[in-house]
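Here is how names work: the chains are called A, B, and so on, in the same order as the sequence lines, proteins then strands, and each is numbered from 1.
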Amino acid sequence: MGARLDAAAAGTANYVDERTSIGGFVKFFARKLFPDHWSFMLGEIALYSFVVLLLSGVFLTAFFVPSMTIVTYDGPLATMQGVEMSEAFASTLHMSFEVPGGLLMRQIHHWSALLFTAAIVTHMARVFFTGAFRKPRELNWLVGFTLMILSLAAGFSGYSLPDDVLSGNGLRIIEGVFRSIPIVGEYASYWVFGGEFPGEILIPRLFTMHILLVPGLILVLIALHLFLVFLHKHTQYPGGGRTHKNVVGLPLFPVYTAKAGGFFFVVFGIVALVAAVFTINPVWNYGPYDPSPVSAGTQPDWYILFVDGALRLMPGWLFDIIPMEWELWGYTLSLNILIPAVILPGLFFGFVALYPFIEAWATGDRGEKHVLDRPRNAPVRTGIGVATITFYVILVMEGSNDIIANLFHLSLNDLTYFFRIGIFVLPALAFWITRRLCFGLQRKDRELVLHGKETGRIVRHEHGEYQEVHEPLTDDERWILVSYEDIAPLEIEPEFNDRGVRRKGYRWDRFKQQLSRIYFEKRISPVTPEELAEAQHSHH
Amino acid sequence: MNALARHRYHRAAPVVLVLLLLALVTGIAAAVSTASSADAATTTADDAAEGEKLFAANCASCHGLDATGTDGVAPSLVGVGAAAVDFQVGTGRMPMQASGPQAPAKRTQFSQEEISQLAAFVASLGAGPAIPTAEQVDPELGDAANGMELFRTNCAMCHGSVGGGGALTQGKFAPSLWETTPTHIYEAMLTGPQSMPVFNDANITPEGKRNIIAYIEAQDAGSPGGLRLGAIGPVAEGMWGWLVALGLIIASTVWIGARSS
Amino acid sequence: MSTTENPTSHESEQNPESFEDPGVPYHRPRRADVDPKAEKKAERQVAALFGVSIVGTIVAVGAYMVLDMTDEIESIRFTNMVIGLGIFLAMIGIGLGAIHWAKTLMRDHEMVEERHELRSSDEAREGAIQNLKDGAEDSGISGVKRRPLLVGTGVLALLAAPLAVLWPQIGNMGADWNTSNFGHTMWRKGTRLARDPDGTPIKASDVTIGSAFHVIPEGLNELEHHKIEEKAKAVVLLLRLDPRDLKIQEGREDWSFDGIVAYSKICTHVGCPVALYEQQTHHLLCPCHQSTFDVADGAKVVFGPAKRPLPQLPIAVDEEGYIVAQSDFHEPIGPSYWTRLKDTSDGLHADETEEGGH
């Protein structure tokens with residue numbers, strides 16, 4: 001039996017290899033090494049929740065009718081009897097209430113959409129804080145960034161498909177934002193909605209975008225993202241034997257096939273559990289879209305919430321006297337919408353996308369970086385990261401201010417006033433505190449290297465002095481604490497050469513130097529062997 | 001809730017804490033329950049006389065002995081009707097204990113009999129809406145589908161799509177309706193207490209009001225999708241997505257990444 | 001700043017400038033590596049987890065086949081929950097089993113693989129450049145036999161060609177592009193204000209002080225086409241205040257009736273229905289972004305991101321006592337747009353002004 005199976009396997013392998021030369025690929029991939037760390041699995045969560053989205057999405061397309069044709073409901077749901085609604089909404093009710101497991105699939109789909117976007121953001125944060133975006137991975141950061149934007153598009157288009165009151169009001173907000181764009185705004189609105197809002201064509205258009213265009217692009221970019229991961233080989237945390245020129249880890253086959261493969265099932269399982277127990281997007285509560293009603297708690301899914309928060313934060317009248325909507329030469333410019341909904345997200349995402357390049361200007365480093373930074377060893381970067389997250393979280397909280405106000409019996413007006421100031425103050429504060437914390441941790445590391453670990457054992461010396469015994473670090477432990485790069489601010493050539501001629505490109509260099517000073521003017525250098533020897537000497 | 005979901009809680013002890021915390025935060029924790037039941041007792045002149053005594057002792061300090069109100073402190077109660085008294089006193093909103101953005105519901109200080117007497121007294125001061133009969137508020141007789149349409153148009157903007165409550169300006173709020181009795185819901189619509197507008201019978205017919213009550217009562221069956229996370233929409237869902245779904249998965253990555261002993 | 005810093009490269013005699021890389025740490029054996037009992041136990045655990053998965057699959061499929069989902073909420077919830085928990089077990093069993101297998105029983109000696117700089121070799125780069133040059137020369141894009149005419153017209157044609165497809169496509173997507181529709185609604189002189197959603201007209205006597213009526217134009221529900229688009233623009237809030245509280249706006253002295261006022265329900269910020277009416281403060285709050293309007297004072301903005309007051313619908317009372325519109329809104333309702341001021345009018349539709357002229 002075994003021999004026959006082996007022969008069959010060999011035969012199949014031979015058949016395929018003769019037609020594809022797959023043997024070379026398998027030889028190459030099977031023993032490819034991956035470093036082991038929990039934080040390297042965050043991107044996998046995003047990938048696997050996307051697979052779950054595809055699987056559950058196929059189920060949903062079998063029942064969903066992307067049409068805005070009005071029908072009268074005649075199904076099991078008592079609160080909808082005889083109500084007029086679009087076919088899109090009716091088919092959503094049908095798959096939820098009449099298809100066994102249909103509601104479960106909807107909930108799996110929606111929960112994994114929330115998870116998909118959350119995992120992408122968490123993965124980006126990991127890449128950011130460890131400096132994994134540095135050369136040669138800047139382009140892959142951009143690919144990942146584009147995937148993040150596409151995930152927002154996928155999420156928002158899907159959220160709008162059931163054609164319920166909640167998502168309909170969301171679309172109306174989007175329409176209002178389109179209109180605010182100078183000159184072309186009203187035409188952009190007509191273009192998207194196929195005429196006046198809401199029209200009769202939007203749901204079919206969103207459907208195509210949601211099940212074909214956006215997921216197709218996501219698939220292509222995931223392939224590119226993973227190809228580049230393979231090409232670059234994975235980054236690794238600092239440690240013994242880990243350099244910028246090697247990768248230390250366990251092979252793809254069998255260890256990571258089992259671990260990463262098994263992890264897919266873990267992600268799917270947990271999403272199924274959450275979907276089995278917790279309701280998500282109960283559209284039957286909101287009812288079919290009608291432009292008149294609205295309910296308290298009208299918010300988008302979490303990943304769009306920051307835009308909603310920005311819209312809430314922006315005053316229509318600055319200090320109650322300066323209007324934020326201008327009427328110029330008979331035309332209307334709505335800064336109260338443009339700034340929070342167009343300009344601010346543009347700047348925010350632009351900064352995120354370009355960050356690797358900004359930091360590269362500051363370091364002036366041209367080498368490939370494959371060993372990750374411990375976040376404390378890049379205090380300014382870590383500070384910027386925490387400040388960015390703080391900024392984002394304030395917008396999300398302002399987007400939830402009515403919920404917060406209601407839960408904690410606060411005034412939503414006071415919350416808004418607080419966040420209006422907080423959006424400027426708190427990120428700066430977060431940056432300052434984080435940078436200080438990083439320096440503190442670096443100093444602690446130096447202490448550890450120089451004086452060893454506290455053991456808690458007190459000994460009495462011959463001359464009567466009590467002293468705690470410090471145990472020196474092992475070579476491996478010490479290496480992790482001292483092996484970071486000590487980057488000094490850029491030195492640039494003078495403005496004028498020896499003949500007094502102004503150098504071309506001086507201003508750009510000066511900009512980079514100033515940037516570099518922000519990053520590295522204040523820094524804590526790793527302990528050198530000399531310092532250690534001195535410290536040990538003074539001890540004895 | 002069924003047994004299977006409960007079972008999960010016992011097994012995963014650390015998760016229980018997170019879940020409880022979340023439950024509290026998303027407002028699943030039950031609101032203060034209101035006691036009285038709907039019985040529109042017939043009132044007599046004696047009741048009004050008893051009510052006048054109760055009024056003088058408990059209400060007159062703000063509303064005045066003749067119930068015509070005090071400027072800037074309390075409104076006149078002439079013509080507000082028995083329904084307003086039954087609602088305000090029956091839900092514990094009156095007598096007010098402390099001034100704040102609005103008078104919150106609390107344990108009522110009076111028996112149903114005393115409330116009826118107070119109501120009879122105030123009703124005797126001028127014509128106003130009466131306390132609805134049991135039949136007028138019987139959810140069994142209502143049409144939940146029509147109730148939902150009316151609720152969506154007239155109520156959901158403040159009370160949320162299924163009556164879970166919501167915030168208003170300057171610390172005021174529209175309370176959750178899940179623990180409110182049908183009679184009190186009816187009276188609130190009729191009289192427009194505090195910030196709430198009036199929905200007289202010309203605006204929402206008595207049948208319409210009963211349909212709305214039927215819709216709110218239908219929420220007792222819960223959500224077909226499982227626990228409803230306070231039914232406050234995407235903010236709660238997002239928070240649970242991050243804390244529970246992503247939290248559990250990241251916990252498992254830590255296990256995967258940890259070296260086996 | 002050296003590019004690829006090798007910590008061992010700058011060693012001096014006494015104290016090197018930097019520490020020496022201690023190298024990959026020794027492999028510590030796991031319990032299952034040294035203890036056959038532990039190995040057996042791990043094997044049993046993995047098998048048990050795979051068993052859990054099989055049970056889960058049976059639960060999910062069994063629940064689908066056996067459970068009879070009725071119209072009851074409880075039954076729908078139960079069916080979905082059992083299938084979901086079955087899927088959970090089916091998936092998590094495989095996942096935990098495979099990972100446990102990898103963690104305890106698969107070889108975990110760390111291995112080292114060298115990286116190679118991503119940059120191609122100089123030779124390869126030169127070859128690439130030469131190939132491109134050759135190709136450019138062969139084609140006449142550059143080199144001795146340059147054909148600038150072909151290159152120029154070719155590029156132009158390529159740039160223009162997408163228009164042939166995009167222009168009609170984009171052109172068709174905006175229907176009639178008649179954005180002046182933003183400027184008017186279906187309200188006309190004499191249209192009765194009706195209850196939303198049932199469409200019955202409202203008498204002035206129905207609107208008591210403190211009341212809030214959600215209003216649509218009478219006849220909206222009977223529209224054959226564009227009912228929802230018209231509703232999206234025409235919805236109105238009808239409120240009655242104590243006339244003493246109402247500050248009548250200049251030029252709008254006859255737009256209200258005995259404390260009854262009608263304002264567009266569509267927010268001037270981004271178009272949500274502004275529907276939260278606090279009858280004591282006369283404030284209208286938008287639940288989407290919390291713009292707050294003071295109905296007692298011309299619906300002016302008192303808080304939030306909106307800048308303009310809500311447009312007011314001039315109303316009157318007809319002979320039968322019903323509330324009617326005097327005209328359409330005198331300005332476009334809802335969010336601002338570039339040419340909004342061009343669409344601002346006296347509220348009369350073209351057909352009405354013509355009639356007036358005769």
Residues [X], [Y]: salt bridge by 4.0 Å N-O rule:
| X | Y | value |
| --- | --- | --- |
| C:E72 | C:R77 | no |
| C:K227 | A:E84 | yes |
| C:K233 | C:E229 | no |
| C:D108 | C:K103 | no |
| C:R195 | C:D198 | no |
| C:D21 | A:R242 | no |
| C:R340 | A:E186 | no |

Let's test your reading of the structure: which of [options] forms the most heavy-atom pairs below 4.5 Å with chain A?
| options | result |
| --- | --- |
| C:A275, C:A175, C:G56, C:G334 | C:A175 |
| C:T179, C:V112, C:L285 | C:T179 |
| C:E113, C:H109, C:H269 | C:E113 |
| C:L118, C:D71, C:T268, C:N172 | C:L118 |
| C:M91, C:R308, C:R119 | C:M91 |
| C:R107, C:E117, C:H226, C:H214 | C:E117 |

Go through the atoms of [X] and report whether side chain, backbone, both or neither lie under 4.5 Å from a heavy atom of chain C.
| X | answer |
| --- | --- |
| A:E531 | neither |
| A:S295 | backbone |
| A:Q299 | neither |
| A:K135 | neither |
| A:P526 | neither |
| A:V482 | side chain |
| A:V52 | neither |
| A:S483 | neither |
| A:S96 | backbone |
| A:Y417 | side chain |
| A:F264 | neither |
| A:L231 | both |
| A:R31 | both |

I'd like to verify something: which residue of [options] has the highest number of heavy-atom pairs under 4.5 Å with chain C?
| options | answer |
| --- | --- |
| A:M324, A:H370, A:K259 | A:H370 |
| A:T416, A:L333, A:V177 | A:T416 |
| A:M314, A:R205, A:H232 | A:R205 |
| A:I183, A:T528, A:I181, A:D402 | A:I183 |
| A:L250, A:L33, A:T298 | A:L33 |
| A:P182, A:A188, A:P323 | A:P182 |

Side chain from CB out, backbone as N, CA, C, O: work out which of these in [X] comes under 4.5 Å of a heavy atom of chain A, or both, or neither.
| X | answer |
| --- | --- |
| C:I216 | neither |
| C:M111 | both |
| C:V235 | side chain |
| C:D196 | side chain |
| C:A232 | both |
| C:W101 | neither |
| C:H100 | neither |
| C:I76 | side chain |

Polar contact flag, side-chain donor to acceptor under 3.5 angstrom, [X]-[Y]:
| X | Y | answer |
| --- | --- | --- |
| A:E325 | C:S336 | yes |
| C:T185 | C:E230 | no |
| A:N401 | C:Q290 | yes |
| C:E114 | C:H116 | no |
| C:S75 | C:T70 | yes |
| A:Y190 | C:N178 | no |
| C:T344 | C:E331 | no |

Out of curiosity, [X] [atom1] to [Y] [atom2], how far, rounded to the nearest 0.5 Å?
| X | Y | atom1 | atom2 | result |
| --- | --- | --- | --- | --- |
| A:T474 | A:E477 | OG1 | CD | 3.5 Å |
| A:T243 | C:R115 | OG1 | CZ | 8.0 Å |
| C:I228 | C:L220 | CD1 | CG | 10.0 Å |

For this session: Starting from the C-alpha separation in whole Å, work towards a yes-or-no answer on disulfide (SG to SG under 2.5 Å) for C:C288 and C:C272.
Result: CA-CA 6 Å; C:C288 294; C:C272 271; 2.1 Å; yes
Mind running side-chain hydrogen bond (donor to acceptor under 3.5 Å, both in side chains) on A:S292 and C:K265 for me, showing each step along the way? CA-CA 8 Å; A:S292 171; C:K265 195 172 155 185; 2.6 Å; yes
